[in-house]
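To keep things clear, I will list the structure first and then write my remarks on it.
Below, all heavy atoms of this structure are taken into account, side chains as well, without hydrogens, waters or symmetry copies. Residue numbers start from 1 in every chain, and the chains themselves are labelled A, B, ... in the order their sequence lines are given, proteins ahead of strands.
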Number of protein chains: 2
Amino acid sequence: MLHEEVVGRIRDILLDGEIPPGARIPERELCERLEISRTPLREALKVLAAEGLVQLLPHRGSRAAKLTDKDMRDLFEVCQGLEALAGELACERISDHEIAEIAAAHVAMVQHYREGDLIQYYRGNRAIHEGIVNAAGNPVLTGLYASVTARIRRARYVTPMTPQRWAFAVSEHEAILNALQRRDGAGLSHILRAHLRHKREEVLQAGFAETEANEPTLKIA
Amino acid sequence: MLHEEVVGRIRDILLDGEIPPGARIPERELCERLEISRTPLREALKVLAAEGLVQLLPHRGSRAAKLTDKDMRDLFEVCQGLEALAGELACERISDHEIAEIAAAHVAMVQHYREGDLIQYYRGNRAIHEGIVNAAGNPVLTGLYASVTARIRRARYVTPMTPQRWAFAVSEHEAILNALQRRDGAGLSHILRAHLRHKREEVLQAGFAETEANEPTLKIA
DNA sequence: ATCTCTATTTTTGAATGCAAAAACGATCTC
DNA sequence: GAGATCGTTTTTGCATTCAAAAATAGAGAT
């Protein structure tokens, strides 16, 4: 009861960027804030470490995981693969109702785009991608996708979005919805791969992983 | 130091089938056997629960995860997707040396096949697939693949293997090696998908997952 | 002054302790 | 004799405690 709650809360804290990547996780403080003892907190940290959100250093505490460019590239690569798989499966299994929901989310997202509301746009964007993954009807896939996107999202909050890129992303989404409505698995898979590749380029070019405030110089033995 | 050790040991115990799927995990016993207290054991169980190997029931202890047919199908589906992705990436990045290693593993595996040594054959089979995944050079992918295969492997030790299927699997492996040597990403991806689909059929037809007393699957929002 | 070595404090990792929940058993009722 | 009810035991979840490791700081030497 408490355990899952704690994992969720800390995950949110990390995803909100409240503890920046690479920063130490203050065990004592978090305990006070969540009003729990160290035992469930530490259990949660181990779980989050297994998820890749937290880095455990023996006898030196835990830090919010810091992603290198390579890590990001790897995550995007896998995310691509998972979405492509989800797209193919979704086309086989998706119901008309689910398509309608995704179409609605798409329309809403485009509206947010027109209004220039980036936050709401992102929310809509996520809803669409998650909708496709859910439509694949594979909880294992859903779980892995959640894990990978969580790690990516963790870095995204610094990413800027140029008007051109934004417009292009919207046009790609039109194509995604189209393929889904035609239930064209291969086509959707292909578009999703391209879409993700573009997003990856954005993020990497933005230099998301600025080499910030690091630990004091370590003695190298 | 102790923590990772414990996670690994319990994972092995589960993968070896020493605690059968669905069975209760005796906390006290394991503590005595591993000569640790309940704290690190429970931490490990939470991590393994996050990995999907252990099922945690509130106030009712933990059990070795039990997979339904649907779970297995889902796992294979994702495994397929991951291997296909790995195959494509591997063809772009694999070195001649790595190809040689996989080829050697293949030869060894065929030899075990000829000798009828199923255990060693399985080991070689795993080495090949893991070699391809590793050759993709993507640790995120490697990690997810390990997690998924661990859960699958957990059920596989009951799977029988008819001579025909075995022979066919070997022939598929010839094709896999061939595509890899030609660095034919698309072709390899395709073969790997087919290969996995066949393995999945074997496992499911074997009726590995006797549908006993299962709780209804949870909906993930 | 800086560097080093040591003493103190802080933090981490794991064991133990304690309250609540569940499992188990025995008695009682019908 | 079957089933229900209450009390006991066991197990679970979390808090607390304790020892060891690391960070910190302070004194002394150069």
Side-chain angles (χ1 to χ4, degrees), chain A residues 1-14 18-66 212-221, chain B residues 1-14 18-20 22-51 53-66 212-216 218:
Chain A
M1 222 42 150
L2 191 47
H3 168 69
E4 287 179 28
E5 173 86 18
V6 172
V7 173
R9 300 257 325 247
I10 300 176
R11 203 201 327 263
D12 287 341
I13 289 174
L14 291 171
E18 206 173 318
I19 298 176
R24 273 182 90 246
I25 294 175
E27 235 177 60
R28 244 180 49 75
E29 256 181 60
L30 270 184
C31 284
E32 289 169 15
R33 174 163 158 195
L34 301 185
E35 292 175 307
I36 55 173
S37 80
R38 284 179 57 221
T39 307
L41 178 77
R42 289 170 55 74
E43 285 175 356
L45 290 177
K46 306 250 155 119
V47 169
L48 292 169
E51 282 181 27
L53 284 172
V54 165
Q55 189 180 7
L56 259 44
L57 300 117
H59 292 285
R60 226 167 275 182
S62 38
R63 312 179 87 89
K66 185 145 176 210
E212 7 154 333
N214 288 338
E215 35 277 290
T217 37
L218 301 173
K219 291 267 174 162
I220 296 172
Chain B
M1 221 47 152
L2 190 47
H3 168 70
E4 287 179 27
E5 173 86 16
V6 172
V7 172
R9 301 250 335 241
I10 299 176
R11 202 197 331 257
D12 287 342
I13 289 174
L14 290 170
E18 204 174 316
I19 298 177
R24 270 178 57 104
I25 295 174
E27 234 176 63
R28 261 184 70 71
E29 254 182 60
L30 268 184
C31 284
E32 288 168 17
R33 172 161 160 199
L34 302 185
E35 293 174 307
I36 56 175
S37 79
R38 282 178 56 220
T39 305
L41 178 77
R42 289 171 53 76
E43 286 175 355
L45 290 177
K46 306 251 154 123
V47 170
L48 292 169
E51 282 180 28
L53 284 172
V54 166
Q55 189 179 8
L56 258 44
L57 300 119
H59 291 285
R60 226 166 277 179
S62 38
R63 311 180 88 89
K66 183 138 179 228
E212 303 161 22
N214 296 344
E215 19 290 289
L218 301 175

Which atom of A/Leu34 lies closest to which atom of A/Ile10, heavy atoms considered: CD1-CG1, 4.0 Å
Close approaches to DNA chain D from residues 23-31 of chain B, in residue order (heavy atom, under 4.0 Å): B/Arg24, B/Glu27, B/Arg28
Terminal axis angle for the helix from C/dA1-D/dT30 to C/dC30-D/dG1, five pairs an end, nearest 10 degrees: 0°
Identified side-chain contact (heavy atoms from CB on, under 4.5 Å) counterpart of B/Lys46 within the set A/Glu43, A/Glu4, A/Lys46: A/Glu43
Minimum-distance pair of heavy atoms, taken over all atoms of A/Ala64 and A/Pro20: CB-O, 3.5 Å
A/Gly52 to A/Ala65 - nearest heavy-atom pair and separation: O-CB, 3.4 Å
Euclidean distance, atom NE2 of residue A/His3 to atom C1' of D/dA15 [Å, nearest integer]: 17 Å
Residue pair B/Leu48 / B/Leu14: nearest heavy atoms and the distance that separates them: CD1-CD1, 4.3 Å
Residues in contact with DNA chain D, drawn from residues 32-51 of chain B - heavy-atom cutoff 4.0 Å: B/Arg38, B/Arg42
Protein-nucleotide distance (B/His59, atom NE2; C/dA21, atom P), rounded to Å: 7 Å
Value in whole Å for how far the P atom of D/dT11 lies from CZ of B/Arg63: 14 Å
Contact summary for B/Ile36 and B/Pro40, nearest pair of heavy atoms: CB-CG, 4.1 Å
Length of the CG-C1' vector between A/Leu56 and C/dT11, whole Å: 14 Å
Spacing of A/Arg60 atom CZ relative to D/dA22 atom C1', expressed in whole Å: 8 Å
Residue pair A/Arg24 / A/Ile19: nearest heavy atoms and the distance that separates them: O-CG2, 4.1 Å
